[in-house]
Amino acid sequence: MKRTVFLDIAAYLISVIVCGATLSFALGLLLGTAVLLGTLLLLKISVERMAADAKRSGVTNQRRYQMFYAMRLGVFAAAFGISVILRNDISPVAVVIPMLYPRLIYTAGAVFQGIGGTAGQKRGEK
């Protein structure tokens, strides 16, 4: 959540430079962030249920996984659709941007971990 707030602020500041300060972009980021948190909550629930299924019966229920995937996609599609309909009030581009945050956060975490951690140890060992 902390990284999401930081990335929202960074995205808004970049948008201010590119297209000026607009309330619609800020509202789009807010809606996109809410959708991101909602979809991550649904992902958490689906993973927990699949783990419980695997622990109980040794197999996972693919239908349940597909149902939760469809729900996550539906939540995002609904938010994006609303932003397209209300594009003068909510920027559709800004709704999509927070959905990229997990990729940015995980990639940056792997890069910084590699720079500070294992990469330095491997060089020292050789």
Side-chain angles (χ1 to χ4, degrees):
M1 183 66 184
K2 295 176 197 175
R3 292 178 182 132
T4 302
V5 171
F6 171 75
L7 289 171
D8 276 344
I9 292 169
Y12 186 73
L13 291 176
I14 291 169
S15 78
V16 167
I17 293 169
V18 173
C19 57
T22 61
L23 182 60
S24 69
F25 200 86
L27 290 175
L29 286 173
L30 184 63
L31 177 60
T33 301
V35 168
L36 172 66
L37 295 176
T39 57
L40 288 177
L41 179 63
L42 285 172
L43 179 63
K44 176 184 180 268
I45 292 168
S46 70
V47 168
E48 286 174 347
R49 288 193 180 170
M50 287 185 72
D53 286 348
K55 191 175 187 179
R56 185 177 58 250
S57 64
V59 295
T60 59
N61 187 342
Q62 290 298 320
R63 272 198 188 145
R64 181 177 289 162
Y65 175 76
Q66 290 171 350
M67 180 190 68
F68 274 100
Y69 184 80
M71 286 173 46
R72 293 193 320 264
L73 189 61
V75 168
F76 173 71
F80 186 72
I82 289 168
S83 70
V84 168
I85 292 169
L86 302 173
R87 66 183 161 272
N88 292 332
D89 299 321
I90 301 172
S91 171
V93 173
V95 172
V96 174
I97 290 174
M99 300 309 285
L100 302 172
Y101 291 170
R103 288 160 186 82
L104 293 171
I105 291 168
Y106 297 143
T107 302
V111 166
F112 290 126
Q113 185 179 19
I115 290 171
T118 48
Q121 291 173 351
K122 288 181 182 177
R123 279 192 294 250
E125 291 176 358
K126 291 183 180 178

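Each of Tyr106 and Leu37 belongs to its own hydrophobic cluster when Ile, Leu, Val, Met, Phe, Trp and Tyr are linked at side-chain heavy-atom distances under 4.5 angstrom. Note: the hydrophobic cluster containing Met67 does not contain Leu73 (ILVMFWY, side chain heavy atoms under 4.5 Å, direct or indirect links). No chain of hydrophobic side-chain contacts below 4.5 Å, direct or via other Ile, Leu, Val, Met, Phe, Trp or Tyr residues, connects Leu13 to Tyr101. A continuous path of hydrophobic side-chain contacts links Leu40 to Phe6 [ILVMFWY only; heavy atoms under 4.5 Å]. Note: the hydrophobic cluster containing Val16 also contains Ile90 (ILVMFWY, side chain heavy atoms under 4.5 Å, direct or indirect links).
Here the CE atom belonging to Met71 is positioned 14.0 Å from the CD atom belonging to Gln66, to the nearest 0.5 angstrom. Remark: Phe68 CZ to Arg49 CZ distance equals 4.0 Å, nearest 0.5 Å. Between the CD1 atom of Ile97 and the CZ atom of Phe25 there is a distance of 3.5 Å, given to the nearest 0.5 Å. One finds the CE atom of Met50 at 7.5 Å from the OH atom of Tyr65 (value rounded to the nearest 0.5 Å). One finds the CG atom of Leu86 at 12.0 Å from the OG atom of Ser91 (value rounded to the nearest 0.5 Å). Atom-to-atom distance recorded for Ile105:CD1 and Leu100:CG is 11.0 Å, nearest 0.5 angstrom.
Residues meeting the side-chain hydrogen bond (donor to acceptor under 3.5 Å, both in side chains) test with Arg56, sequence neighbours left out: Asp53. Residues passing the side chain to side chain contact (heavy atoms under 4.5 Å, CB included) test with Ala26, sequence neighbours excluded: Tyr12. For Arg87, the side chain to side chain contact (heavy atoms under 4.5 Å, CB included) partners are Val84, Pro92, not counting sequence neighbours. Val75 is linked by a side chain to side chain contact (heavy atoms under 4.5 Å, CB included) to Val35, Thr39, Leu42, counting only residues two or more places apart in sequence or in another chain. With sequence neighbours excluded, the residues that form a side chain to side chain contact (heavy atoms under 4.5 Å, CB included) with Val47 are Leu43.
When every heavy atom of Val95 is checked against every heavy atom of Ser83, the shortest pair comes out as CG2-CB, 3.6 Å. Of all heavy-atom pairs spanning Ser46 and Arg72, the tightest one is OG-NH1, 3.9 Å. Considering all non-hydrogen atoms of both residues, Leu36 and Pro98 come closest at CD2-O, 3.4 Å.
Listed by first and then second residue, the side chain to side chain donor-acceptor pair (under 3.5 Å) pairs that reach into residues 29-38 are Asp8-Thr33, sequence neighbours excluded. For the salt bridge (charged side-chain N to carboxylate O under 4.0 Å, His left out) condition, the pairs that include at least one residue of residues 31-45, sequence neighbours left out, are Lys44-Glu48. Residue pairs meeting the salt bridge (charged side-chain N to carboxylate O under 4.0 Å, His left out) criterion with at least one member in residues 88-101: none, sequence neighbours excluded. Legend: salt bridge (charged side-chain N to carboxylate O under 4.0 Å, His left out) pairs involving residues 32-42, not counting sequence neighbours: none detected.
Cluster partners of Ile14 are Val18, counting Ile, Leu, Val, Met, Phe, Trp and Tyr whose side-chain heavy atoms approach within less than 4.5 Å, directly or via other members.
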